[in-house]
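Read the structure below first, then the notes.
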4 protein chains.
Amino acid sequence: MSSKFLKLNPEKQDRIVNAAIKEFVQKGFKNASTDEIVKEANISKGSLFYYFKDKKGLFLYLYDYCSEIVMNEFFAKIDLNEHDILKRFREMLLLKIELIKRYPEIFEFMKVAYFEDAAEVKSDLERRNKEMITRSYQELFGDIDLSKFREDIDAKRAVNIIIWTMEGFSSQQQEKAKSLSLNDLDFDEILAEMDHYIDLLKKCFYK
Amino acid sequence: MSSKFLKLNPEKQDRIVNAAIKEFVQKGFKNASTDEIVKEANISKGSLFYYFKDKKGLFLYLYDYCSEIVMNEFFAKIDLNEHDILKRFREMLLLKIELIKRYPEIFEFMKVAYFEDAAEVKSDLERRNKEMITRSYQELFGDIDLSKFREDIDAKRAVNIIIWTMEGFSSQQQEKAKSLSLNDLDFDEILAEMDHYIDLLKKCFYK
Amino acid sequence: MSSKFLKLNPEKQDRIVNAAIKEFVQKGFKNASTDEIVKEANISKGSLFYYFKDKKGLFLYLYDYCSEIVMNEFFAKIDLNEHDILKRFREMLLLKIELIKRYPEIFEFMKVAYFEDAAEVKSDLERRNKEMITRSYQELFGDIDLSKFREDIDAKRAVNIIIWTMEGFSSQQQEKAKSLSLNDLDFDEILAEMDHYIDLLKKCFYK
Amino acid sequence: MSSKFLKLNPEKQDRIVNAAIKEFVQKGFKNASTDEIVKEANISKGSLFYYFKDKKGLFLYLYDYCSEIVMNEFFAKIDLNEHDILKRFREMLLLKIELIKRYPEIFEFMKVAYFEDAAEVKSDLERRNKEMITRSYQELFGDIDLSKFREDIDAKRAVNIIIWTMEGFSSQQQEKAKSLSLNDLDFDEILAEMDHYIDLLKKCFYK
DNA sequence: TATGAATGAGGATTCATTCAT
DNA sequence: TATGAATGAATCCTCATTCAT
């Protein structure tokens with residue numbers, strides 16, 4: 001596959017990956033121009049297709065590249081001994097913030113990939129996405145300690161509400177962050193705000 | 001504008017709107033083919049560009065067209081005298097179900113439009129989306145009766161959790177519905193499930 | 001298929017057909033440049049692909065176009081009541097000369113098509129070639145009066161020798177003609193030479 | 001030149017020659033891939049272009065290489081003391097069969113080269129082809145004993161008919177052989193069939 | 001108004017050839 | 001000598017948009 005690409009020196013790999021992610025994020029798969037990518041990465045047209053079979057191959061390579069970072073920097077670091085969903089929830093936010101600080105483009109790319117319509121990559125992506133989602137849901141929320149929840153409510157549904165709250169909170173923050181540069185973000189404030197939600201949920205859902 | 005389009009007889013307008021929505025939903029903005037649209041709508045290529053300035057103009061027209069239906073069939077019908085967010089929440093689901101039954105493609109189109117990456121329409125859509133969202137949030141959740149909430153929790157944040165629950169629940173159902181045809185959907189079951197969430201939230205968040 | 005092409009006015013059709021045949025004859029399928037064809041035909045790049053699906057579609061159209069001319073101007077005109085193979089043989093040469101005079105490029109194109117290696121068209125051509133050859137052999141040599149041949153020789157093999165002689169004679173003449181322009185060809189001389197062969201074969205093979 | 005190539009050890013030369021012939025036979029000049037050739041020959045891309053100036057140089061080298069084999073294994077072995085064309089004719093077929101058994105690809109390559117359309121090599125090949133053909137015709141048929149022929153026919157023309165018969169017979173057999181593997185060919189049967197033609201021609205053309 | 005033929009800039013991809021090592 | 005990464009001109013093809021009728 002992309003074995004040729006992996007032999008390049010890391011600096012060059014980075015230039016290409018960054019240029020390609022940027023272009024795909026801005027324009028989506030179909031609209032992204034390989035001309036633009038090679039110009040930005042400062043390589044020749046031929047090289048891109050020497051490293052990757054075609055545009056689709058490049059796109060899927062980037063998806064796998066990003067997935068792996070997310071796996072290593074996010075999923076692998078979660079403390080699976082913590083079975084309190086709200087505590088895990090908090091930890092996940094911390095990890096996510098760390099991830100965004102270090103790899104800001106990667107989240108954008110994963111989002112674009114998730115909603116990509118282009119027929120050429122849709123089926124490949126759907127397979128990978130589905131796999132990733134089921135795997136991660138299982139891993140992240142399969143071992144929750146349900147005994148913590150009030151006994152007069154359905155714990156499963158409460159868990160769902162917590163997950164949706166986490167998702168909603170995240171996209172709310174991302175929406176707010178859109179107009180700001182990374183440096184202008186006040187992560188402490190975000191964390192503090194999140195703690196309010198956690199407290200609220202604990203107070204209402206837990207025994 | 002699309003004033004020329006609006007002079008057409010409604011049946012023809014419908015054919016064009018439906019053909020275009022179908023194509024955009026299936027393939028996204030960039031990938032959608034005007035050839036396909038005119039073929040499906042049974043009009044000539046020239047006509048399409050006589051009615052609409054360009055592909056982008058058509059897309060944005062459809063967005064406005066769908067927005068208006070959503071406004072009329074959804075927002076306008078909400079009983080603003082009901083200030084209990086959970087009751088309103090339930091009503092909204094009923095209206096949404098009604099809307100999906102009558103205009104199944106419109107929801108799809110709005111979703112596609114929301115995640116469209118194509119540079120040509122991205123900024124225009126973002127402006128309209130933001131506008132619509134802030135307006136509707138204001139309208140839908142600006143007059144909530146916060147006195148119903150327990151006094152030891154922050155009502156604003158509780159409202160947010162309810163909103164995110166509603167959103168999460170909706171997309172969960174849509175995800176499930178993906179493989180099913182409209183006829184196979186059991187709306188009563190969905191409603192019953194939703195009622196469980198409403199009860200749960202009432203029990204936990206209300207006095 | 002090429003219905004769009006067939007709606008063009010004949011003069012334009014001719015320009016395109018001639019330009020394309022010329023290019024394919026000179027360079028073969030793969031090496032032929034669609035740029036060159038549109039330049040020579042004085043049409044735009046887009047038009048060529050509006051008329052024909054792709055390069056292969058154009059090539060196969062030309063093949064069918066040439067086949068039909070050969071069918072009408074050659075096969076259809078052969079007098080099937082003449083069962084003497086040598087007389088028919090002579091008639092075929094006359095028709096062939098007539099055909100070359102009127103459509104000089106067509107023979108060249110059919111030869112190029114016959115020996116085309118390019119994988120993209122090879123199988124399509126082989127099917128058509130095989131069909132044409134078996135059909136024409138059947139038609140041309142299926143009803144020969146074998147009673148004219150000496151009884152001490154195998155008539156079937158004698159027929160084959162005659163066919164090969166005809167083929168060999170034709171390619172010999174074509175080889176000679178390569179350096180000459182059409183106007184410089186002395187068809188009467190060719191015919192006279194052929195008559196010598198016919199006499200010889202009659203003298204040797206017939207009773 | 002290809003002097004650099006000739007310094008290689010024979011085993012390597014063979015690998016390259018065989019790989020290149022195979023590729024050119026399968027795909028023709030233009031369509032043949034130098035990548036495929038170096039992969040099959042197990043040499044580096046750079047080497048190929050170190051040994052040969054360019055693709056055309058490689059192709060023409062192969063042509064000369066094959067020509068020489070044909071010269072040594074075919075023309076050089078013909079018994080020039082045999083002036084009876086039909087006997088020589090028979091001997092040629094035996095030699096040809098021997099040649100095909102030992103170098104099956106070479107015949108294919110010569111045929112492909114003969115009908116190659118690619119502009120880059122066409123003129124070079126035509127020169128060599130013409131040279132070879134005239135030389136060989138001269139050598140093979142220049143010293144025929146014409147006194148054997150019946151006096152009431154033109155011997156020169158009879159010789160041509162015999163040559164064309166031989167050519168036609170050969171291509172008929174090759175056409176039949178196309179779908180068969182070399183091992184499945186029954187050379188004895190071919191020879192027997194050929195003898196029928198020789199007898200027939202002798203009976204009809206000789207005194 | 002309506003048509004559909006015509007356009008051409010732009011896009012992805014190929015591949016013989018070069019060249020630094 | 002040998003390598004294989006790098007190149008970029010050339011190629012086929014697409015498709016929104018225009019325009020003469």
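Here is the naming used below: chain letters follow the sequence lines, and residue numbers restart at 1 for every chain.
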query: Which of these, A:Y51, A:F109, A:F52, sits in a ring pair (Phe, Tyr, Trp, His ring centres under 6.0 Å) with A:Y61?
result: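 The option that passes is A:F52.
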
Could you tell me whether [X] contacts a base, only the sugar-phosphate backbone, or nothing, with contacts defined as non-hydrogen atoms closer than 4.0 Å?
X     : result
C:L8  : sugar-phosphate
B:K12 : sugar-phosphate
A:I37 : nothing
B:L58 : nothing

How many whole angstroms separate atom [atom1] of [X] from atom [atom2] of [N]?
X     : N      : atom1 : atom2 : answer
C:K39 : F:dA10 : NZ    : C1'   : 12 Å
C:F59 : F:dC12 : CZ    : P     : 14 Å
A:E36 : E:dT13 : CD    : C1'   : 18 Å
B:I43 : E:dG4  : CD1   : P     : 11 Å
A:K53 : E:dT14 : NZ    : C1'   : 12 Å
A:N9  : F:dG4  : CG    : C1'   : 16 Å
C:F5  : E:dA6  : CZ    : P     : 11 Å
B:F52 : F:dT18 : CZ    : P     : 16 Å

| query | Can any side-chain N or O of A:S2 pair as donor or acceptor with the backbone N or O of A:F5 at less than 3.5 Å? | reply |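 Side chain of A:S2 to backbone of A:F5, a donor-acceptor pair under 3.5 Å: no, none is there.
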
Item to check | Main-chain N/O of D:L6 paired to D:Q13 side chain as donor or acceptor, under 3.5 Å | outcome: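 Checked: pair present.
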
Close N/O contacts between protein and nucleotides 19-21 of chain E (under 3.5 Å):
none

| query | In chain order, what residues pass the ring pair (Phe, Tyr, Trp, His ring centres under 6.0 Å) check against D:F49, with sequence neighbours excluded? | reply |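 Result, ring pair (Phe, Tyr, Trp, His ring centres under 6.0 Å) vs D:F49: none returned.
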
- Quick one: ring pair (Phe, Tyr, Trp, His ring centres under 6.0 Å) partners of A:F115, sequence neighbours excluded?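 A:F115 satisfies ring pair (Phe, Tyr, Trp, His ring centres under 6.0 Å) with B:F115 only.
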
Among [options], which nucleotide sits nearest the side chain of [X]?
X     : options                : answer
C:S44 : E:dT7, F:dA6, E:dG11   : E:dT7
A:K45 : E:dA12, E:dA6, F:dT3   : E:dA12
D:T34 : E:dT13, F:dC12, E:dA16 : E:dA16
D:Y50 : F:dC13, E:dA6, F:dT1   : F:dT1
C:K55 : E:dA6, F:dC12, F:dT3   : F:dC12

**Request:** Of all the heavy-atom pairs spanning A:I43 and A:L48, show the shortest one and how long it is.
**Result:**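 For A:I43 and A:L48, the tightest heavy-atom pair comes out as CD1-N, 4.1 Å.
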
Pairing residues for [X] by the side-chain contact (heavy atoms from CB on, under 4.5 Å) criterion, not counting sequence neighbours:
X      : answer
B:S67  : B:Y63, B:M110, B:M132
A:K122 : A:D117, A:E126
C:E11  : C:N9, C:R15

- Side-chain N or O of B:Y51 closer than 4.0 Å to phosphate OP1/OP2 of E:dT1: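 Checking B:Y51 against E:dT1: no side-chain N or O falls below 4.0 Å of OP1 or OP2.
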
Margin query: Test of understanding: with side-chain hydrogen bond (donor to acceptor under 3.5 Å, both in side chains), list the residues that count as partners of D:D35, not counting sequence neighbours.
Written below: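 D:K45.
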
Please list, chain by chain and in numerical order, all residues satisfying side-chain hydrogen bond (donor to acceptor under 3.5 Å, both in side chains) with D:D14, sequence neighbours excluded.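 D:D14: no side-chain hydrogen bond (donor to acceptor under 3.5 Å, both in side chains) contacts found.
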
| field | Pairs involving residues 105-114 of chain B, ordered by first then second residue, that meet side-chain hydrogen bond (donor to acceptor under 3.5 Å, both in side chains) (sequence neighbours left out) | value |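 For residues 105-114 of chain B, and leaving out neighbouring residues, there are no side-chain hydrogen bond (donor to acceptor under 3.5 Å, both in side chains) pairs at all.
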
Checklist entry - Relative to the 5' end of DNA chain F, which residue comes earlier, A:S47 or B:D54, by the nucleotide with the nearest heavy atom? => result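 Closest to the 5' end, via its nearest nucleotide, is A:S47.
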
Side-chain donor-acceptor contacts of residues 19-30 of chain A below 3.5 Å, not counting sequence neighbours, with atom names and distances?
| from | atom 1 | to | atom 2 | distance (Å) |
| --- | --- | --- | --- | --- |
| A:K22 | NZ | A:E40 | OE2 | 3.2 |
| A:E23 | OE2 | A:K27 | NZ | 2.9 |
| A:E23 | OE2 | A:S33 | N | 3.0 |
| A:K30 | NZ | B:N31 | OD1 | 3.1 |

Closest nucleotide of DNA chain E for A:D35 versus for D:S33: which of these residues is on the 5' side?
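The residue closer to the strand's 5' end, by nearest nucleotide, is A:D35.
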
Q. Of all the base pairs, Watson-Crick or G-U under 3.5 Å, which form stems of three or more consecutive pairs involving DNA chain F?
A.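 Detected stem regions: E:2-21 with F:2-21.
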
Open item on the list: What residues from residues 23-31 of chain D pass a heavy-atom cutoff of under 4.0 Å to DNA chain F?
Closed with: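 The stretch gives none, as no residue of it lies under 4.0 Å from the strand.
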
